[in-house]
*Asks:* 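Quick one: the structure is below, and I'll ask about it shortly.
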Protein chains: 2
Amino acid sequence: MKRDSRLSSVLHALLHMAERGEPLTSEHLAECMGTNPVVVRRTMGLLRNVGLVQSAKGHAGGWSLAADLKAVTLRQLHEALGEPAVFAIGNRNENPDCLVEQSVNAVLDEAFAEAEALLLDRFGAITLADLSAEFSRRHAAHVKERKRNAS
Amino acid sequence: MKRDSRLSSVLHALLHMAERGEPLTSEHLAECMGTNPVVVRRTMGLLRNVGLVQSAKGHAGGWSLAADLKAVTLRQLHEALGEPAVFAIGNRNENPDCLVEQSVNAVLDEAFAEAEALLLDRFGAITLADLSAEFSRRHAAHVKERKRNAS
DNA sequence: GTTTCATGTAACTTCGTTTATTACAATACC
DNA sequence: GGTATTGTAATAAACGAAGTTACATGAAAC
């Protein structure tokens, strides 16, 4: 089953944008994410629709953040991407006549709903600032490690 | 995103098998599930591999339950099906060099792991007997409703 | 023992979805 | 004006899941 990795992609892109501070072109982002500039524009366009980023054409144009890192949650991003299906597993038929299947669906749906609620709740509690902090932590550890190896 | 509905399918099939008590052919099951006999054999074969059902060739052959309804959990079935990916969302690259992406992955993975643990936990607590009971409840309600409408 | 019914399984095809690509219009800056 | 960049439609490619065909195997009926 092929997974939707757009959330992961945009997070990657947004953090790079936050690091840099100047607009990054679709081409640059595409290269750094191993994809295509048009795909980047399509995806980032969804974030622009809800005001999370802005884009500029022409010289020195590109994409830049339009919101405070502390104010953007993963849940917002998930919603901006159109709330794609969370699960790769599901019912065969959502509205079956068969009572057996209806029973199966009801029980499965409940379990899925709980797990989805938990996930979205977690997403709602994680901000871009949290991710940025996680990066800083890893970056510091990385630098320290490199230093140790060099000496 | 296309979902893997095999868990839903096999539950449907297993409950029908439990209702009937006699072996059901792949063809019968396929018809009642809106699919193909070969697909049924492929899928049920996975359950046979772990001893949950048995199959018989020839006249009066077919598929029948080989375990107690109370002893079979959804989690076992999920495992028997090869533990297919639960989520339709995931990381773009599981082992990136980029520290930014590593940070993103780490945070996302943690959230997914929690939600998956919850789901599998729920699956572990639901048996075929529970589903059968749910069906009986719905069946009784259905019969009652039909009676009421007829009078 | 031959016919019929059913599973077992490999190989192939079809289908739907997602992603990538091409192409070109629109716009901003120098 | 020329160049860099986004915006977007249309198309192609890639992929995986499901469906299908074909045939071998085995068990029961007659």
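Below, chains carry the letters A, B, ... as their sequence lines are ordered, and counting in each starts from 1.
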*Asks:* Name the orientation class of the two ring planes belonging to A:Phe87 and B:Phe87 (parallel below 30°, tilted from 30 to 60°, perpendicular beyond 60°).
*Replies:*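 Judged by the thresholds at 30° and 60°, the geometry between A:Phe87 and B:Phe87 is parallel.
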
*Asks:* According to a strict under-4.0 Å criterion, is B:Asn36 in side-chain N/O contact with OP1 or OP2 of D:dA18?
*Replies:*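 No, because none of the side-chain N or O atoms of B:Asn36 sits under 4.0 Å from OP1 or OP2 of D:dA18.
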
*Asks:* Given B:His142, which of B:Glu145, B:Arg146, B:Arg138 fulfils the side-chain contact (heavy atoms from CB on, under 4.5 Å) condition?
*Replies:*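 Checked B:Glu145, B:Arg146, B:Arg138 against B:His142; only one passes side-chain contact (heavy atoms from CB on, under 4.5 Å): B:Arg146.
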
*Asks:* Taking the side chain of B:His59 as its heavy atoms from C-beta onward, which of D:dA28, D:dT25, D:dT6 lies nearest to it?
*Replies:*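 Comparing D:dA28, D:dT25, D:dT6 against the side chain of B:His59, the answer is D:dA28.
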
*Asks:* Which part of the nucleic acid, if any, lies within contact of B:Gly62, taking any heavy atom under 4.0 Å across all strands shown: a base, the sugar-phosphate backbone alone, or nothing?
*Replies:*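 Sugar-phosphate, no base atom in range.
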
*Asks:* With a 4.0 Å limit, can you tell me whether B:Arg48 has a side-chain N or O closer than that to the phosphate oxygens OP1/OP2 of C:dG8?
*Replies:*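 Yes.
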
*Asks:* Are the side chain of A:Asn105 and the backbone N or O of A:Asn93 linked by a donor-acceptor pair below 3.5 Å?
*Replies:*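 Indeed, once roles are kept as given, a pair shorter than 3.5 Å links the two residues.
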
*Asks:* Of all the choices, D:dA28, D:dA18, C:dT7, which nucleotide is nearest to the side chain of B:Asp4 once you look at every atom?
*Replies:*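 Per side-chain heavy atoms of B:Asp4, the pick is D:dA18.
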
*Asks:* In whole angstrom, give the distance that lies between atom NZ of B:Lys57 and atom P of D:dG26.
*Replies:*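 My rounded result for the distance is 5 Å.
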
*Asks:* On DNA chain C, nearest-nucleotide positions of B:Arg92 versus B:Ala60: which is more 5'?
*Replies:*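 First, find each residue's nearest nucleotide; the 5'-ward one identifies B:Ala60.
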
*Asks:* To the nearest Å, give me how far apart CG (B:Leu46) and C1' (D:dA17) are.
*Replies:*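 About 14 Å, once rounded to whole Å.
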
*Asks:* For A:Gln54 and C:dA28, give me the distance from atom CD to atom C1', rounded to whole Å.
*Replies:*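 Distance check: A:Gln54 CD to C:dA28 C1' gives 15 Å.
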
*Asks:* Is there side-chain contact between B:Leu46 and B:Arg6, with at least one heavy-atom pair below 4.5 Å?
*Replies:*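 A side-chain contact under 4.5 Å exists here.
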
*Asks:* Does a side chain donor of either B:Arg92 or A:Ser9 reach within less than 3.5 Å of an acceptor in the other side chain?
*Replies:*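 Side chains of B:Arg92 and A:Ser9: pair found under 3.5 Å.
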
*Asks:* Any donor-acceptor pair under 3.5 Å joining the side chain of B:Arg42 to the base of D:dG19?
*Replies:*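 Yes, the side chain and the base share a sub-3.5 Å donor-acceptor pair.
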
*Asks:* Can you check the A:His28 NE2 to D:dT6 P distance for me, whole Å?
*Replies:*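 Answer to the nearest Å: 12 Å.
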
*Asks:* Think A:Thr25 has a side-chain N or O under 4.0 angstrom from the OP1 or OP2 of D:dT5?
*Replies:*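 Answer no for this pair, as no side-chain N or O of A:Thr25 is under 4.0 Å from OP1 or OP2.
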
*Asks:* Contact class for A:Ala56 vs. all strands (heavy atom < 4.0 Å): base, sugar-phosphate, or nothing?
*Replies:*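 Touches sugar-phosphate only.
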
*Asks:* A:Ser26 side chain N/O closer than 4.0 Å to the phosphate oxygens (OP1, OP2) of D:dT5?
*Replies:*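 No, A:Ser26 has no side-chain N/O under 4.0 Å of OP1/OP2 on D:dT5.
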
*Asks:* Given atom CZ of A:Arg6 and atom P of C:dA20, what is their separation to the nearest angstrom?
*Replies:*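 Computing the A:Arg6:CZ to C:dA20:P distance gives 12 Å.
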
*Asks:* Could you state the atom-to-atom distance from CZ of A:Arg3 to C1' of C:dT19 in whole Å?
*Replies:*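 Interatomic distance, CZ of A:Arg3 to C1' of C:dT19: 17 Å.
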
*Asks:* Tell me which nucleotide among D:dT20, C:dA20, C:dT21 gets nearest to the side chain of B:Val38.
*Replies:*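 Nucleotide nearest to B:Val38's side chain: D:dT20.
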
*Asks:* Pick out which of A:Asp68, A:Leu52, A:Val72 makes a side-chain contact (heavy atoms from CB on, under 4.5 Å) with A:Leu128.
*Replies:*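 Single side-chain contact (heavy atoms from CB on, under 4.5 Å) partner of A:Leu128 among A:Asp68, A:Leu52, A:Val72: A:Val72.
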
*Asks:* Taking only side-chain nitrogens and oxygens of B:Ser55, does any of them come within less than 4.0 Å of OP1 or OP2 of C:dG8?
*Replies:*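 B:Ser55 to C:dG8 OP1/OP2: side-chain N or O found under 4.0 Å.
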
*Asks:* Look at the side chain of B:Val39 and decide which nucleotide, out of C:dA6, D:dT20, D:dT6, has an atom nearest to it.
*Replies:*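 For the B:Val39 side chain, the nearest candidate turns out to be D:dT20.
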
*Asks:* Phosphate oxygens OP1/OP2 of D:dG7: is one of them under 4.0 Å from a side-chain N or O of A:Arg41?
*Replies:*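 Checking D:dG7 against A:Arg41, no side-chain N or O comes under 4.0 Å of OP1 or OP2.
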
*Asks:* Rounded to the nearest angstrom, tell me the gap between atom CG in B:Leu7 and atom P in D:dA17.
*Replies:*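 These atoms are roughly 16 Å apart.
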
*Asks:* What integer distance in Å separates A:Glu31:CD from C:dA20:P?
*Replies:*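 Rounding to the nearest Å, CD of A:Glu31 and P of C:dA20 are 14 Å apart.
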
